[in-house]
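What follows is a set of notes on a single structure, which appears directly below.
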Amino acid sequence: MTDERHVLVIFPHPDDETFSSAGTLASYIDKGIPVTYACLTLGQMGRNLGNPPFATRESLPHIRERELEEACKAIGITDLRKMRLRDKTVEFEPYDQMDAMVKHLIEDTNPSLIISFYPKFAVHPDHEATANVVVRTVKRMKSSERPRLTLVAFSNDAPDILGEPDIQNDISQYSDIKLKAFEAHASQTGPFLRQLASPEINGQAQSFLKVEPFWTYHFES
């Protein structure tokens, strides 16, 4: 993993950071590299209410905010920025406001690397909206000043279209940290944690604790 000046992470939901990059972020923090995480929503409309349920639609935003804080604590992230957009409506936010928000984050943190989603391969509308604003804003910067974009592609066809990941970070030594982050997001990750414990179907689930793949975004010249 490359030494960085500052890593800026931009995802729309609590737990996006854990599924995609908790081990990678922990490794940067372990090296003393500053990490800022801008979480755009509090996941108010999350599909799960715990399993068995322990949240309600009214309490879920507060629960997910606490879970986000605990997951960041497990990973070692101390600069958590809650942008407080509305879950499942990020795609409808005005472009100029979204662009200004990301521009301010970049100007404030001066990152050498941004971790976010890859456009068209992020599956969820909020993920896609986040990917688009990150790429759109960085593209406007002078090429000599742009941070590198290391992006997450969740869609199953990503390797067929984008090719194999450019980066596959071995996070085995940080698997315990990533597992603790998963456990922190208890309202959403109960079924996944049971997959990890099941000998029949834990192969793919276990891969989340061993390797984190990313694709590098290249701007057209």
Side-chain angles (χ1 to χ4, degrees), residues 1 7-88 90 105 115-117 122-124 126-127 130 150 152 154 169-198 201-202 204-214:
M1 298 179 192
V7 178
L8 173 60
V9 184
I10 305 176
F11 287 122
H13 307 121
D15 78 17
D16 287 338
E17 81 296 326
T18 295
F19 274 99
S20 68
S21 45
T24 297
L25 300 180
S27 73
Y28 284 131
I29 292 164
D30 201 21
K31 293 177 181 177
I33 296 168
V35 172
T36 296
Y37 177 24
C39 190
L40 303 191
T41 82
L42 294 178
Q44 301 96 322
M45 300 300 292
R47 181 180 304 173
N48 299 319
L49 298 174
N51 193 343
F54 59 83
T56 65
R57 280 288 149 209
E58 289 71 28
S59 67
L60 188 63
H62 308 290
I63 289 171
R64 294 206 73 185
E65 183 171 10
R66 290 199 301 272
E67 290 176 346
L68 173 64
E69 292 168 352
E70 288 303 310
C72 286
K73 192 179 298 182
I75 296 167
I77 298 170
T78 56
D79 187 8
L80 168 63
R81 307 197 186 186
K82 304 169 191 173
M83 311 312 290
R84 298 192 181 276
L85 301 181
R86 182 71 181 173
D87 189 17
K88 290 196 175 178
V90 177
L105 286 166
I115 295 176
S116 190
F117 283 119
V123 180
H124 187 290
D126 280 357
H127 295 181
T130 302
T150 295
V152 177
F154 273 157
N169 287 334
D170 179 353
I171 59 160
S172 333
Q173 74 179 99
Y174 299 99
S175 60
D176 289 347
I177 289 175
K178 185 162 186 172
L179 183 58
K180 287 178 182 175
F182 273 127
E183 291 169 345
H185 289 294
S187 70
Q188 306 301 304
T189 59
F192 180 76
L193 290 171
R194 282 194 290 278
Q195 286 184 41
L196 287 177
S198 169
I201 57 174
N202 71 356
Q204 184 176 5
Q206 284 287 343
S207 69
F208 278 84
L209 299 178
K210 296 177 181 176
V211 177
E212 290 175 343
F214 301 90

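Throughout, residue positions are numbered sequentially from 1 according to the sequence presented. These numbers come from the heavy atoms of this one structure, side chains and all, not from hydrogens, waters or symmetry mates.
Taking 4.5 Å as the limit, every side-chain heavy atom of Pro14 sits out of range of all side-chain heavy atoms of Glu67. A heavy-atom distance below 4.5 Å is found between the side chains of Phe214 and Thr24. A 4.5 Å side-chain heavy-atom check between Ser27 and Asn169 finds every atom pair outside the cut-off. Taking the side chain as every heavy atom from C-beta outward, Leu60 and Ser187 approach each other to under 4.5 Å. Within the 4.5 Å cutoff, the side chain of Phe117 has heavy atoms near those of the Asp16 side chain. No side-chain heavy atom of Ile63 sits less than 4.5 Å from a side-chain heavy atom of Gln188. Residues Ile29 and Val7 fail the side-chain proximity criterion, which asks for heavy atoms closer than 4.5 Å.
Smallest separation of non-hydrogen atoms from Arg84 and Leu42: NH1-CD1, 3.2 Å. When all heavy atoms of Leu25 and Ile115 are compared, the pair lying nearest together is CD2-CD1, 3.9 Å. Here the shortest heavy-atom pairing between Ala71 and Ala184 reads N-CB, 3.5 Å. Of all heavy-atom pairs between Ile177 and Ala74, the closest is CG2-O, 3.3 Å. Nearest heavy-atom pair across Val152 and Ser20 is CG2-CB, 3.7 Å.
The pair Glu183-Lys180 does not count as a salt bridge, with every side-chain nitrogen at least 4.0 angstrom from each carboxylate oxygen.
Side-chain atoms of Lys178 come within 3.5 Å of backbone atoms of Phe208 as a donor-acceptor pair (strictly under, hydrogens ignored). A side-chain donor-acceptor contact under 3.5 Å links Gln44 to the backbone of Asp87. In this structure a side-chain-to-backbone donor-acceptor pair under 3.5 Å is present from Asp126 to Lys88. With hydrogens and angles disregarded, a donor-acceptor distance shorter than 3.5 Å links the side chain of Asp170 to the backbone of Ser172. Side-chain N or O atoms of Glu212 include one that pairs as donor or acceptor with a backbone N or O of Ala22 at under 3.5 Å. With hydrogens and angles ignored, the 3.5 Å screen pairs no side-chain donor or acceptor of Thr130 with any backbone N or O of Phe11. Checking side-chain atoms of Glu17 against main-chain N and O of Val9 turns up no donor-acceptor pair under 3.5 Å.
With rounding to the nearest 0.5 Å, the separation of CG in Leu80 from NZ in Lys82 is 6.0 Å. Within the model, atoms CD of Glu69 and SG of Cys39 stand 11.0 Å from one another, a figure rounded to the nearest 0.5 Å. From Thr41, atom OG1 reaches atom CD of Glu65 across 11.0 Å, with rounding to the nearest 0.5 Å. Once rounded to the nearest 0.5 Å, the distance linking CD1 of Ile10 with OH of Tyr37 reads 10.5 Å. To the nearest 0.5 Å, the span separating CD1 on Ile75 from CG on Asp30 amounts to 13.5 Å.
Relative orientation of the His13 and His127 rings is tilted, given thresholds of 30° and 60° on the angle between their planes. Aromatic ring pairs are classed by plane angle as parallel below 30°, tilted from 30° to 60° and perpendicular above 60°; the pair Phe182 and Phe192 is tilted.
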